[in-house]
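Fair warning: this is a prediction, and the values are worked out from it, not measured in the lab.
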Amino acid sequence: MDENTLLVLLRFDLTRAGARPDDDYLLTLIRAAKKHLARAGSTLPGADHSGVDIDDFQKLVVGTAAWMYTKRRTGEDMPKYLRSLKNSILLSQKAGGV
């Protein structure tokens, strides 16, 4: 999964199109989001043959990174749609794509 693609998607999610001086911070959030998801048991699609769509996984990584970015100010819990997507991917991976 290309981090530059994820960075572009994260910038759009945060309505910050174009290169910014804080790109290093945003890349750090993307890496932290991947680690957060890995600790929860979710792996990159293809590695586990689960049938999880790479686009869904990218949405989850970008959404998690965006949530991490905004929660630092608001302290809000993970949004319901993001938890639902995370749980759906985890279930699919644990069930082997069934």
Side-chain angles (χ1 to χ4, degrees):
M1 186 177 310
D2 179 27
E3 284 188 345
N4 287 326
T5 301
L6 294 174
L7 177 61
V8 169
L9 293 172
L10 180 57
R11 280 194 219 123
F12 277 107
D13 190 286
L14 298 172
T15 61
R16 303 171 64 129
R20 302 279 186 205
D22 63 347
D23 278 355
D24 289 336
Y25 177 66
L26 295 179
L27 283 170
T28 300
L29 287 176
I30 289 168
R31 291 178 193 123
K34 287 180 185 179
K35 287 180 183 177
H36 170 80
L37 296 169
R39 281 192 301 271
S42 187
T43 58
L44 177 64
D48 60 358
H49 309 288
S50 66
V52 172
D53 186 60
I54 188 76
D55 291 338
D56 287 341
F57 197 77
Q58 284 181 332
K59 284 188 274 187
L60 180 60
V61 171
V62 169
T64 301
W67 165 68
M68 290 175 160
Y69 182 85
T70 58
K71 83 166 189 162
R72 66 189 166 87
R73 285 180 282 128
T74 64
E76 69 185 52
D77 289 334
M78 183 178 275
K80 187 175 181 178
Y81 83 92
L82 204 50
R83 278 195 319 267
S84 177
L85 181 59
K86 178 180 167 183
N87 290 337
S88 174
I89 288 174
L90 283 170
L91 180 62
S92 181
Q93 289 182 332
K94 297 302 178 195
V98 176

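- Put simply, the residue from R31, K34, E3 that forms a side-chain contact (heavy atoms from CB on, under 4.5 Å) with V61 is K34.
- Put simply, the side chain of S84 never gets that close to the backbone of K80: no donor and acceptor are under 3.5 Å apart.
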- Query: Can you check side-chain contact (heavy atoms from CB on, under 4.5 Å) on K86 and M78, steps first, answer last?
  - Reply: CA-CA 10 Å; K86 178 180 167 183; M78 183 178 275; 4.3 Å; yes
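- Side chains of Y25 and I30 form no contact here, defined as non-hydrogen atoms less than 4.5 Å apart.
- For T28 (side chain) and D24 (main-chain N/O), a donor-acceptor pair under 3.5 Å exists by modelled atom type.
- Geometrically, R72 engages Y69 in a cation-pi contact defined by less than 6.0 Å to the ring centre and at most 45° from the axis.
- With a 4.5 Å cut-off on side-chain heavy atoms, M68 and H36 count as touching.
- Residue L27 holds its CG atom at 4.5 Å from CG of L7, rounded to the nearest 0.5 Å.
- For the pair L82 and P79, the minimum side-chain heavy-atom distance is below 4.5 Å.
- For the residue pair A33 and A65, the shortest heavy atom distance occurs at CB-N, 3.8 Å.
- Judged by distance alone, the side chain of T70 and the main-chain N or O of W67 form a donor-acceptor pair under 3.5 Å.
- The side-chain contact (heavy atoms from CB on, under 4.5 Å) test applied to K59 returns D56, L85, not counting sequence neighbours.
- Rounding to the nearest 0.5 angstrom, the gap separating the CG atom in L37 from the CG atom in L90 is 7.5 Å.
- Applying the side-chain contact (heavy atoms from CB on, under 4.5 Å) criterion to A66, with sequence neighbours excluded, gives L10, D13, L14.
- Residues passing the side-chain contact (heavy atoms from CB on, under 4.5 Å) test with T5, sequence neighbours excluded: D2, L9, Q58.
- Salt bridge present: R11 and D23 bring a charged side-chain N and a carboxylate O closer than 4.0 Å.
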